[in-house]
Structures are given as C-alpha cells and as structure tokens.
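What follows is a short report on a single structure.
A quick note: this is a predicted structure, and the numbers were derived from the prediction, not measured. Just so you know, these numbers use all the heavy atoms, side chains as well, and skip hydrogens, waters and symmetry mates. So you know, we letter chains A, B, ... as the sequences are listed, proteins then strands, and number each from 1.
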Amino acid sequence: MYLKSLELQGFKSFADKTKIELGGGIAAVVGPNGSGKSNIVEAIQWVLGEQSAKSLRGHKMQDVIFNGTKKRKPLGMAEISIVLDNSDHALDLDFEEIKVTRRLYRSGEGEYLINGKNVRLKDIHRLFADSGIGNDGYAVIGQGRISEILESRSEDRRSIVEETA
Amino acid sequence: MYLKSLELQGFKSFADKTKIELGGGIAAVVGPNGSGKSNIVEAIQWVLGEQSAKSLRGHKMQDVIFNGTKKRKPLGMAEISIVLDNSDHALDLDFEEIKVTRRLYRSGEGEYLINGKNVRLKDIHRLFADSGIGNDGYAVIGQGRISEILESRSEDRRSIVEETA
Amino acid sequence: IIRKFKEAFEAINDSFKETFPAFFQGGYGELQLTDEDNLLETGVDIIVQPPGKRLQHLSLLSGGEKALSGIALMFAILKVKPSPFYVLDEIDAALDDANVMRFGDYLQKYGTDSQFLVITHRQGTMEASETLYGVTMAEEGVSKTVSVKLI
Amino acid sequence: IIRKFKEAFEAINDSFKETFPAFFQGGYGELQLTDEDNLLETGVDIIVQPPGKRLQHLSLLSGGEKALSGIALMFAILKVKPSPFYVLDEIDAALDDANVMRFGDYLQKYGTDSQFLVITHRQGTMEASETLYGVTMAEEGVSKTVSVKLI
Ligand SMILES: Nc1ncnc2c1ncn2[C@@H]1O[C@H](COP(=O)(O)OP(=O)(O)OP(=O)(O)O)[C@@H](O)[C@H]1O
Ligand SMILES: Nc1ncnc2c1ncn2[C@@H]1O[C@H](COP(=O)(O)OP(=O)(O)OP(=O)(O)O)[C@@H](O)[C@H]1O
Ligand SMILES: [Mg+2]
Ligand SMILES: [Mg+2]
C-alpha cells in the first residue's frame, strides 16, 4: 500500500490547486523557510483525520483555510485529497485504489469522502486504524517532534508498544 | 569588555583540564553530535551564576560533575573559571582583568571566587547584574531556545524590555 | 491483549538493541517496563548509553544524540511492524553531517519496504532520495511544487 | 522606572522594525504592549508578518520563520544595548541556506561591537567566523578542544 498522490486546494499556503504525484520509495521535499513544506505534512495529517487544531499549529480548525495575502483574498474552503494504492488490501476496503477527501468550510462544517461517497470523520479513522498509518502512531513525525518521544513520560510511551501490538 | 578565556575541569564531559583562549570577534564552535559543544555553553551559564539544574539539563546540580566513562571513574568536583578583560570597566570592579571561578563538590558544597577571593554566589550575580551578560538576559541562548521567545507568554516577554531598560 | 503487548514490547526491544548501536557506532540502547507485573498499565522507559559513556539521565544527552535515539527507535519499530508510508519533517535538523549520512543509508535500506516522504534542508538526506520535490513561493504567500526525479 | 521601561520599549521596537525586514527581505515586525495604560505590569506581544503574507498567529509561522524572527529580535536588542558577548547554541539549526548567509552577514556586521561565540553545524555560519574551535571526543566520553584561526 502506498501514497500515489496528494492534492491540496485552499489548504494553508496552497491557495491554488496543487497535485503531487508520488512514486514509491524515498522522496525528499525541499525549499526555503516558510515555503510550505510542513504545510504538506499537515495536509496529510489532516486528511488522515487529525482532530486537534493545535497539532496543526492553529487555534481553531478554520486556521487551515487559506487566509489570503497582500494580493489575494482569503478562500472559503480547504480541501485535501489523498489517493492510495491498495492492491495489497492493507486497507480493509474492496478497492484497488482508495481516494480519501476532506473539506472544511469557514462555517466550521466539514465533509469527508471515500471514493466519492460521503462518510463521517470516524469512518476515516476506522479505515486507517489498523494500518499503522494513523496519526496517533509514529508514521507522521512533525517538525521538532523527534526528540519528544524521549522526553515524554513513561505512561505516554506505552502507546508506542500498543500501536505496534 | 570581552571573554579572554574559559577553563573547564571536571565539568560534564570535560574530565581533563581544558583551556579555551578567546580573541574578540566571532568564534564558531564545531564538532560531532555529543562531543561537548553545548556543555561549553552551559559552563559559561554556570560560572555566571546559574542556579537551576534543569536549565543545565540536570536533575540536581551535582549532575554537572564528570560522572565517569567505561574507562574512567567519576570525579569529585567540577570547576569552571572565566577570565574577562575589563579595561573599559563595564564591570563595576577596579580591576583590568577579572577572573571568576565556581566549584561544586559531590556533597553539594560550592565555592565562588573573584580574582582569587572567596565570595558568595550573590556577589557573582551582583557583578554581572548590570552588564547585560547575566543569564536572565538574552546574551546566552541555549540549544533549541531561539523560538521560545516567540512562544512565551506576553507577561514573560516583558523581561526582555526590563533587562534592556 | 496482555500477551500481544508483551510480544510487541519484546520485538521492539530486540530491534532497538540492534538499531541503536548501528546509528551510534556502538553503545547500548533498550526499552524497560516500569512495572513488569502490571502489563495493562506499565509505562515504558528508554535507556540509552552512547559508546564509552556511562548511563545517565536522558536529559543530559546532546541535542543530536536525542534526535538520533528517536530515529533509532523509529527504525526499530519499522522493522517490527512497518507502516506503509512515513512522513518525516526535518528529523535530521540536529544531526551532524556524519549522522545525516547514516540516516540516509538507513532510509535507503528500508526505502524498499516502506515509502518515505522526508522534509529536509540537509544535503545528505537529499542525496539518499530518489525523487526531489521543490516547494517555492514565487508569488508571495502562495506555495507551488515542482518535482525532479533524481535517478 | 516607568519612563525607563517606555524608552527601552520604544528603542527595541524601532530597532526590530528595521532588523525584521532586513532578515526577511521585506515584511513587517513590531512589538506591542498588551496594556499601554499599565506600564508596570503590561505584557509584550510580538507581531510578525513575512513579506506578502497576511498577519496571523505566530503559531502558524514555519520553523525557520520563528527562528529567524527570534534572531531579528536578538539583533534588535543588541543595537539598543549591546551585551559585551553573546553565546549562541545552534540558533541557525532551522534556517535554510540563504537565511544562514544573512545570519552570517549580521554576525560580521555586529562582530565588531560585541564578541560572539556561536555553536553551529552550518557551513555558512562557520564561514562568517574568524576563529574555529573544534570539540571532539577522541577518548570516548571525554571532550577535548582544538582551535584553528581562520584568517
Ligand atoms: N491559513 C493560511 N493561509 C495562508 N498562509 C498560511 C496559512 N497557514 C499558514 N500559512 C503560511 O504558511 C507558511 C508556513 O509554511 P510551512 O510551515 O509549511 O513552511 P516550511 O516550508 O516548513 O518552512 P521551514 O523550512 O521554515 O520549516 C507561513 O509563512 C504561514 O504564514
Ligand atoms: N556529568 C557528566 N559527566 C560525563 N559526561 C556528561 C555529563 N553530563 C553530560 N555528559 C555528556 O556530554 C554529552 C553531551 O554533550 P553536549 O550536549 O555538549 O554535545 P554537543 O556537542 O552539544 O552535541 P550536539 O551537536 O548533538 O548538540 C552527552 O553525551 C552526555 O552524556
Ligand atoms: Mg517546516
Ligand atoms: Mg548541543
């Protein structure tokens, strides 16, 4: 199972629709400070079902919607889509390819889709729950967080073992 | 006023007596991970009168005493000396050169000297208080701390202005 | 449940005992349970000892040693239960150049089993990658991406 | 006392309004008092806006933007009341190469008024320095230093 592509629109600094096609293997994302690299990481966290605005550096979830620049107005919606190759059926759904989409409007209303079908946020959590990818695992490691695992308390660290069990 | 030299002995990984002679100007300290660079920074913080073991990554102040390796036994004392050129009399003492020494024994007992004369820790604080160098200023910025000034609370940040006033 | 926890713990621990010395070129690392008799609630401690150094509080480790220990643990878990993909944001920031090279080697070793997306400013990590995605803001405040396949 | 606080605040603020755009090649940065009528207790807020971007919470800034803002503030304070020496531990860790060069230029600009001791892994910062001190552990767990004068 692997990430085939990521589409961003209206998400943080990605005002215009942007599609990133991924091969398997190792890909490096590079660029100047403030260009948007961590925003890509957070887009993936978000479409996997992140519920905490604080984990995405915001105060409220609407902070992920493009809020304008000197030349552009803010947008009314953020949308992220991720396409996964599921030929090994690591995800428990009878599809070779799975597209997960998440939208958020200024009102705070959200939409979630799996292969075009409207679902609830918890269906997205359930889809990824046993695959090891979910955000409460260690597969997405945010900026500045690699040392945290050492500095966390013993009780919190047990989740690493639980996730793997 | 500038740092002329720093002497470390028995302080963290500096088991053997080490003297660093500094010119004025810009000096870079480089070396592999874990080699002792931040320990040098903490040595300076400590001889300027740091009172918090936690600020020096320890649990108790004795954690700064060399605690041995596979081949060497722990030592019983840590000592740091700093020599400052005071020809501009930025420090309120009638000396052209000022040597400050701090020692700590395993028992927890400490000694403080200014130009060879025994003083108390608060005399060291007083010496550096108005010079802008003290540890509660911004002149010594520890590893990982540069972003903290932005992330701190408004009330804490007022000390930056107070220090400068 | 308890047995699963015990098995996972043993597996990660054995794995970490291998990855730690691989990254530190020696030394010793392991996980310990805070309460062996209560597997339902026990915490997990991390014990690391860089080569030649004596065991001491994790807090006394250097910035780079902490990052490298975290990386060793991540690869230890990967060996036991690989995630299909990993997204790592500048986890090499605190590493010296030699350690960046070691990290790059491990990426290539495990890049066949799992997909990696790594954000980095470091040359060594870029060189270990097969594809490079550049992120820029030609228009101020608006991000764009460009991809360059390396080999 | 209150007047001294006000003067210091104004001075640092004016200074920061210059250093911020110098490091960010544009944009806007300033300090604001949370309670102008109560100078004895007022807090100090930091407002930064990288070039072209809209004002938003500091938390949304990138890792490098936060570090660079902290560096700009440090040099702002230095201009108002220089400390005789500065000891800076890897404050360039999150910066991209272009920003490391800008940081190096500022070090040289102010390296005449104040003494700087900077810990770094970055090439650009090393190149801006006059002397290099190498720290090594030839014997495991025991630090030694070596100095190399660059010019
Ligand atoms: N809702 C939003 N609308 C527009 N821009 C945003 C929004 N949220 C964040 N940004 C901008 O995105 C930028 C941060 O991007 P990001 O954190 O991805 O940078 P980065 O490439 O990771 O940089 P670094 O190398 O410094 O870590 C900030 O300048 C911030 O102003
Ligand atoms: N009391 C002590 N006795 C002996 N060694 C110690 C003591 N306290 C800390 N150390 C060792 O000093 C080392 C850390 O050194 P330091 O933090 O200065 O490294 P560094 O050069 O800054 O590395 P980095 O580039 O990773 O930040 C650790 O390996 C730690 O084990
Ligand atoms: Mg980032
Ligand atoms: Mg360090």
Residue part contacting chain D, namely of B:Leu3, when any heavy atom lies under 4.5 Å: both

Under 3.5 Å donor-acceptor pairs involving side-chain atoms of residues 94-101 of chain B, not counting sequence neighbours:
| from | atom 1 | to | atom 2 | distance (Å) |
| --- | --- | --- | --- | --- |
| B:Glu96 | OE2 | B:His89 | NE2 | 3.3 |
| B:Glu97 | OE1 | B:Lys4 | NZ | 2.6 |
| B:Thr101 | OG1 | B:Ser81 | OG | 2.8 |

Flag if over 12 foreign heavy atoms under 6.0 Å of CG, B:Asp92: no

Residue B:Thr164 versus chain D: region with a heavy atom under 4.5 Å: both

Toward chain B, the part of D:Ala128 with a non-hydrogen atom under 4.5 Å: backbone

Proximity breakdown for B:Arg72 and chain D, heavy-atom pairs closer than 4.5 Å: side chain

Residue, of D:Glu140, D:Glu41, D:Lys144, that accumulates the most heavy atom pairs under 4.5 Å with chain B: D:Glu41

From B:Ile40 atom CD1 to D:Thr145 atom OG1, the distance as rounded to the nearest 0.5 Å: 6.0 Å

B:Thr69 portion near chain D, given a 4.5 angstrom heavy-atom threshold: side chain

Derivation and outcome, ring-ring contact (aromatic ring centres under 6.0 Å, His included), residues D:Tyr86 and D:Tyr110: CA-CA 11 Å; D:Tyr86 290 86; D:Tyr110 289 99; 9.3 Å; no

Sidechain-backbone polar pair: B:Arg102 side chain, B:Gly110 backbone, donor-acceptor under 3.5 Å: no

Ring-face cation contact, D:Tyr106 with D:Lys109, 6.0 Å cut, 45° max: yes

Residue selection (most heavy-atom pairs with chain B, distance under 4.5 Å) from D:Thr136, D:Leu61, D:Leu40, D:Leu31: D:Leu40

Residue B:Glu155 versus chain D: region with a heavy atom under 4.5 Å: backbone

Proximal component of D:Leu107, with respect to chain B [non-hydrogen, under 4.5 Å]: both

Most chain B-contacting option - heavy-atom pairs closer than 4.5 Å, from D:Thr112, D:Ile91, D:Val146: D:Ile91

Side chain / backbone / both / neither for D:Glu139 at chain B, heavy atoms under 4.5 Å: side chain

Proximal component of B:Glu151, with respect to chain D [non-hydrogen, under 4.5 Å]: side chain

Minimal non-hydrogen separation, B:Arg157 against B:Ser152, with atom names: NH2-O, 2.8 Å

Mutual orientation of the aromatic rings belonging to D:Phe16 and D:Phe20 [parallel < 30°, tilted 30-60°, perpendicular > 60°]: perpendicular

Non-hydrogen atoms of D:Pro50 and D:Phe24 that approach each other most closely: CB-CD2, 4.1 Å

Top contributor to chain B contacts, counting heavy-atom pairs under 4.5 Å, from D:Leu68, D:Ile77, D:Thr34, D:Asn13: D:Ile77

Contact class of B:Leu8 relative to chain D, heavy atoms under 4.5 angstrom: neither

